[in-house]
Amino acid sequence: MEATTRFVVLCWVVIVFIWVISALSVKPTKERQPLPGRLLYLFLAVVVAVLLKRGVREVNFARVVLPHTFWIGILADAIVLAGLVIAVWARAVLGGNWSARVALKVDHELIQRGPYRVVRHPIYSGLLLMVLGTAILGGRVSGFVAFFICFCASWIKLRQEEALLTKRLPGYSEYKARTKALVPFVL
């Protein structure tokens, strides 16, 4: 395994480790999304993982569309690292309000500092950057299809979160009106 691949794998290991450890210190859940609403997101997450790890040999998903060069590897590493930093920073700022599932926590706070000052869902932004960097490193159609699916899954989940937060969290509608969802000044 070459250095750029090892670096990307290490970044994914770091984020999984941080997520598992930090999940132990969240606030109790007050209200959560029913399981059927979560299943589509979970299914899409599994599809993304399979596409990024193995690719799919059918329908030319395994076709290389981006050459694997030293500079492409460096670019992929930089994008994955930027995504890791953004996601971990956002997770730390969110603190006990975080949940893997769409949920409202006891004493839930509207966080508008750190990366939440720039976008409403910086954890998703960071994870999307990590997936994009991984797709660039692999250079195959399957990675870019995985990125598209991950984007769609994130969009579905953030819409579900926003429906709950708009209804239950004072000030969220105003925050939503002035702050982009995933990409500063764009989306």
Side-chain angles (χ1 to χ4, degrees), residues 1-23 25-26 41-55 61 64-95 97-102 111-162 179-187:
M1 185 182 315
E2 67 180 74
T4 55
T5 303
R6 284 194 302 267
F7 182 78
V8 168
V9 169
L10 176 63
C11 286
W12 282 106
V13 168
V14 166
I15 201 156
V16 168
F17 178 76
I18 289 171
W19 252 237
V20 169
I21 297 301
S22 62
S25 62
V26 297
Y41 178 78
L42 291 174
F43 172 75
L44 292 175
V46 169
V47 170
V48 166
V50 168
L51 286 171
L52 285 176
K53 179 150 176 38
R54 297 193 184 134
F61 276 9
V64 174
V65 293
L66 199 58
H68 189 72
T69 66
F70 174 78
W71 293 110
I72 294 290
I74 295 298
L75 174 65
D77 285 354
I79 292 171
V80 170
L81 181 60
L84 174 66
V85 168
I86 290 167
V88 170
W89 179 29
R91 176 62 185 88
V93 170
L94 192 57
N97 294 299
W98 178 82
S99 175
R101 196 169 177 176
V102 175
I111 305 297
Q112 300 178 69
R113 63 186 181 278
Y116 292 90
R117 195 178 349 198
V118 182
V119 292
R120 296 189 310 269
H121 302 278
I123 291 175
Y124 298 157
S125 300
L127 292 174
L128 285 167
L129 281 173
M130 291 183 73
V131 171
L132 178 61
T134 304
I136 289 171
L137 180 66
R140 299 187 184 282
V141 171
S142 60
F144 295 101
V145 169
F147 174 75
F148 177 74
I149 293 169
C150 190
F151 176 84
C152 291
S154 297
W155 194 258
I156 289 167
K157 188 175 178 191
L158 79 82
R159 300 292 290 191
Q160 293 170 344
E161 284 180 7
E162 291 188 339
T179 310
K180 295 296 183 183
L182 291 172
V183 181
F185 313 111
V186 178
L187 177 68

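- Annotation for V119 and S125: closest pair CG2-OG, 4.0 Å, computed over non-hydrogen atoms.
- In this structure, CG on D77 lies 8.0 Å from OG1 on T5, to the nearest 0.5 angstrom.
- Proximity of V131 to F151: side-chain heavy atoms (C-beta onward) are nowhere separated by under 4.5 Å.
- The distance from the CD1 atom of I15 to the CD1 atom of I123 is 8.5 Å, given to the nearest 0.5 Å.
- Shown here for C11 and V80, the closest heavy-atom pair between the two residues is CB-CG1, 3.5 Å.
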Quick one: do E161 and R120 satisfy salt bridge (Lys or Arg N to Asp or Glu O under 4.0 Å)? Show the steps, please. CA-CA 11 Å; E161 284 180 7; R120 296 189 310 269; over 6 Å; no
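- At least one donor-acceptor pair closer than 3.5 Å links the side chain of H68 to the backbone N or O of L137.
- Between the CD1 atom in I86 and the CG atom in L129 there is a gap of 5.0 Å [rounded to 0.5 Å].
- Distance check: C150 SG to F144 CZ gives 13.5 Å after rounding to the nearest 0.5 Å.
- Classified by interplanar angle (parallel below 30°, tilted 30° to 60°, perpendicular above 60°), the ring pair H121/Y124 is parallel.
- The shortest side-chain heavy-atom distance between L158 and E162 falls under the 4.5 Å cut-off.
- Distance alone, capped at 3.5 Å, is enough to place a donor-acceptor pair between the R91 side chain and the G95 backbone.
- At a threshold of 4.5 Å between non-hydrogen side-chain atoms, the residues S154 and L128 count as touching.
- Counting heavy atoms from C-beta outward, F147 and I136 have side chains that stay 4.5 Å or more apart.
- Note that CD of E2 and CZ of F70 are 10.0 Å apart. Values are rounded to the nearest 0.5 Å.
- Interatomic distance, CG of L127 versus CG of L132, reported as 12.5 Å (0.5 Å rounding).
- Across P115 and P122, no two heavy atoms sit closer than the pair CB-CB, 3.7 Å.
- Annotation: side chain of V141 is in contact with side chain of V145 (closest heavy-atom distance under 4.5 Å).
- Across W155 and A181, no two heavy atoms sit closer than the pair CZ3-CB, 4.1 Å.
- Between Y116 and L94, the closest side-chain pair of non-hydrogen atoms falls below 4.5 Å.
- At least one side-chain heavy atom of L84 sits under 4.5 Å from a side-chain heavy atom of M130.
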